[in-house]
Visitor: 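Quick one: the structure is below, and I'll ask about it shortly.
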There are 2 protein chains.
Amino acid sequence: MEKAKAVFNEFIASKNLRMTPQRSLILDIFLRKKGHLTAEQLYDMVKRKDPSVGQATVYRMLKLLSESGIAREVDFGDGVLRYEHLYGREHHDHLICTRCNKEVEVVDEEIERLQERLAKRHGFVLTGHRMYLYGICKECRNNVGE
Amino acid sequence: MEKAKAVFNEFIASKNLRMTPQRSLILDIFLRKKGHLTAEQLYDMVKRKDPSVGQATVYRMLKLLSESGIAREVDFGDGVLRYEHLYGREHHDHLICTRCNKEVEVVDEEIERLQERLAKRHGFVLTGHRMYLYGICKECRNNVGE
DNA sequence: AAGTTTATGAAAATGATTATCATTTTAAGA
DNA sequence: TCTTAAAATGATAATCATTTTCATAAACTT
Ligand SMILES: [Mn+2]
Ligand SMILES: [Mn+2]
Ligand SMILES: [Zn+2]
Ligand SMILES: [Zn+2]
């Protein structure tokens, strides 16, 4: 939390950018919340603390957070980008229930390894990947009637 | 090709929809082209054959093609949906060069298997997945200067 | 052929994100 | 502290792919 703030401050300094009350507020709120949240959701929370902050500033800040390694953009494929904590977290992929939209964070070291191998086999050096698994969770399978 | 057309015709009939010259033309052109093409690209090709066709019809048709299992929506994450042949093709994922945008179609049975296992481990029954591997291809690694 | 349903094309609407721009802040210097 | 150049902000307009709307034109049914 404090560590993440320090990292962001360093990033800001290294790019000759400036720390402002707006950025500080947005960063605070972002770090406090966990999960995957959209720019709109974050904007709503920011507005509650300071209604004068514009949404463009939130969008701009999310870009900076991503660049600095504090946040990561997540695209579930529904037309809205979400952001999650990246700093201090392990890499993971997502398992999504298409019925109740539950999102489970998952990792499979074996899959990660095989992805590298697969890319290499085609002459590529992997720089990243996006993997989303879609399915029906146990709860949804039980509540078939409703 | 003819088989695919028949499948689409059946789909149209089963839904009490109608086959029209526009749909037929769009289907023909789509089936003739391979690769991953956008609605805009398909629209351009259709226009060349019949300038009177509207782009809304192309978008509508792509929806139908996807529903009927003839086409599959592919989202490389650049803000534009692409469509590829699905009927008569094997499942595959994509390996994309972030420098030259080369797209390689890949499959790794082992990964597919592990995805199932991973989902099951979390109580999910997998219905699908999206996996995109991003990296730098061999050619791009050689042409570093240009 | 008449009636009913579905399809079409043009144009407007949508919705998330980005760009613009006039104004305000910030960080350094003098 | 005053000055100034660079960067940030917020309101608003612009983008851009996709979807809707709606009046008109097919397509099927009887
Ligand atoms: Mn996550
Ligand atoms: Mn493909
Ligand atoms: Zn569920
Ligand atoms: Zn390349």
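This structure is a prediction, so every number in the text was calculated from the model and none was measured. Here is the naming used below: chain letters follow the sequence lines, and residue numbers restart at 1 for every chain.
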Visitor: Rounding to an integer number of Å, can you tell me how far Q55(B) CD sits from dT21(D) P?
Guide: 17 Å

Visitor: Could you tell me the separation between the CG atom of L64(A) and the C1' atom of dA8(D), rounded to a whole number of Å?
Guide: 11 Å

Visitor: If you find the nucleotide of DNA chain D closest to N16(A) and the one closest to V80(B), which residue's nucleotide is nearer the 5' end?
Guide: N16(A)

Visitor: Rounded to the nearest 0.5 Å, what separation is found between the CD1 atom of I96(B) and the CZ atom of R130(A)?
Guide: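 That separation rounds to 7.5 Å.
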
Visitor: Can you identify which nucleotide, out of dT21(D), dT17(C), dG10(D), has its nearest atom closest to the Y59(A) side chain?
Guide: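 So the side chain of Y59(A) is nearest to dT17(C).
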
Visitor: Mind checking S52(B) for me? I need base, sugar-phosphate or nothing, with any heavy atom below 4.0 Å counting as a touch.
Guide: sugar-phosphate

Visitor: 5'-most contact on DNA chain D: R82(B) or R60(B), nearest heavy atom basis?
Guide: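 Taking each residue's closest nucleotide, the earlier one in sequence belongs to R82(B).
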
Visitor: Starting at CG of L42(B) and ending at C1' of dA17(D), how long is that distance when rounded to a whole Å?
Guide: 15 Å

Visitor: Write down the distance between CD1 (I12(A)) and P (dA6(D)), rounded to a whole number of angstrom.
Guide: 18 Å

Visitor: Testing E105(B), E84(B), E67(B) for salt bridge (charged side-chain N to carboxylate O under 4.0 Å, His left out) with R72(B), which one passes?
Guide: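 Testing each of E105(B), E84(B), E67(B) against R72(B), the sole residue satisfying salt bridge (charged side-chain N to carboxylate O under 4.0 Å, His left out) is E84(B).
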
Visitor: R23(A) near the nucleic acid: base, sugar-phosphate alone, or nothing, with a heavy-atom cut-off under 4.0 Å?
Guide: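 Touches sugar-phosphate only.
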
Visitor: Is there any protein nitrogen or oxygen under 3.5 Å from a nitrogen or oxygen in nucleotides 23-30 of chain C, and what are the pairs?
Guide:
unit_1, atom_1, unit_2, atom_2, d
dT26(C), O2, R18(A), NH1, 2.7

Visitor: Rounded to the Å, how far apart are E73(B) CD and dA17(D) P?
Guide: 15 Å

Visitor: Assess whether a salt bridge exists between E110(B) and R117(A), defined as any Lys/Arg side-chain N lying under 4.0 Å from an Asp/Glu carboxylate O.
Guide: no

Visitor: Send over the distance from K15(A) NZ to dA7(D) P, rounded to a whole Å.
Guide: 13 Å

Visitor: Atom OH of Y43(B) and atom C1' of dC16(D): how far apart are they, to the nearest Å?
Guide: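 Whole-Å distance recorded here is 15 Å.
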
Visitor: Give the C-alpha distance, both sets of side-chain angles, the deciding distance and a yes or no for salt bridge (Lys or Arg N to Asp or Glu O under 4.0 Å) between R113(B) and E116(B).
Guide: CA-CA 5 Å; R113(B) 213 177 349 265; E116(B) 290 284 353; over 6 Å; no

Visitor: Between H129(A) and L95(B) (side chain of the first, backbone of the second, donor and acceptor by atom type, cut-off under 3.5 Å), is there such a pair?
Guide: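 No, the answer is negative, given that no donor and acceptor are paired below the 3.5 Å cut-off.
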
Visitor: Please report, rounded to the nearest Å, how far the P atom of dT18(C) is from the CG atom of D78(B).
Guide: 13 Å

Visitor: Calculate, to the nearest 0.5 Å, the distance between atoms CG and OH belonging to D75(A) and Y83(A) respectively.
Guide: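 Separation between the atoms: 10.0 Å.
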
Visitor: According to a strict under-4.0 Å criterion, is K63(A) in side-chain N/O contact with OP1 or OP2 of dT18(C)?
Guide: yes

Visitor: Describe, in one word, how the ring planes of H94(B) and F76(B) are oriented to each other, choosing from parallel (under 30°), tilted (30 to 60°) and perpendicular (over 60°).
Guide: perpendicular

